[in-house]
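Please read the structure below before turning to the comments.
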Amino acid sequence: MLVNGAVVAGKGASTAKGRSAEEFEQIRVILQGRFEDLDREYEEAVAQNTRLRLVEIGDAAGDDQADSGSKTAERDAATSLLRTLLDRRTQAEHALQRLDDGTYGNCEGCSNPIPVERLEVFPSATTCVHCKQVRERRAS
Ligand SMILES: [Zn+2]
């Protein structure tokens, strides 16, 4: 669907929906940085997880109950960390894709551009603060 040329051609031209090319570039740098951080953390967590499993296999024979219990907890924590990191990495990746196809950064509620200050803090945000509050009020 996306041709490389189309993305490059959008650069420098003033972008639609009231956001400047500089802002897009700023957001892209933030998102890309976040994605790389998460990617690195995820790879580290995977390596850590593998080590835990190897230790577990090696030690299993000599374990008493308490030992194997704390190892299970450790492994569960590692697994849930992996899941969280993978989730966040997917979100950042998704945001980068939306940035490329021009749908990124507009509120899903009111379709106004989400302020860049908000995106800096929450790069994966899909609504402006106002719409988020409205949603939360409806939900509660
Ligand atoms: Zn909104």
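Note: hydrogens, waters and symmetry copies are ignored here, and every other heavy atom, side chains too, is used. Just follow the structure's listing: the first ligand is 1, and inside any ligand the first atom is 1. These numbers were taken from a predicted model, which means no experiment stands behind them.
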Salt-bridge present (E36, R40; N to O < 4.0 Å): no
Please identify which of these residues, C131, P113, P115, meets the side-chain contact (heavy atoms from CB on, under 4.5 Å) condition with C107. C131
By salt bridge (charged side-chain N to carboxylate O under 4.0 Å, His left out) - contacts of E108 (at least two apart): R135
Between F122 and I30, is there shared hydrophobic-cluster membership here, with clusters defined by ILVMFWY side-chain heavy atoms closer than 4.5 Å? no
Which residues and atoms, counting only protein N, O or S, are under 2.8 Å from the Zn ion (ligand 1)? C107 SG, C110 SG, C128 SG, C131 SG
Taking R118 for its side chain and T127 for its backbone only, find out whether a donor-acceptor pair lies under 3.5 Å. yes
Whether over 12 other heavy atoms sit under 6.0 Å from R88 CZ: no
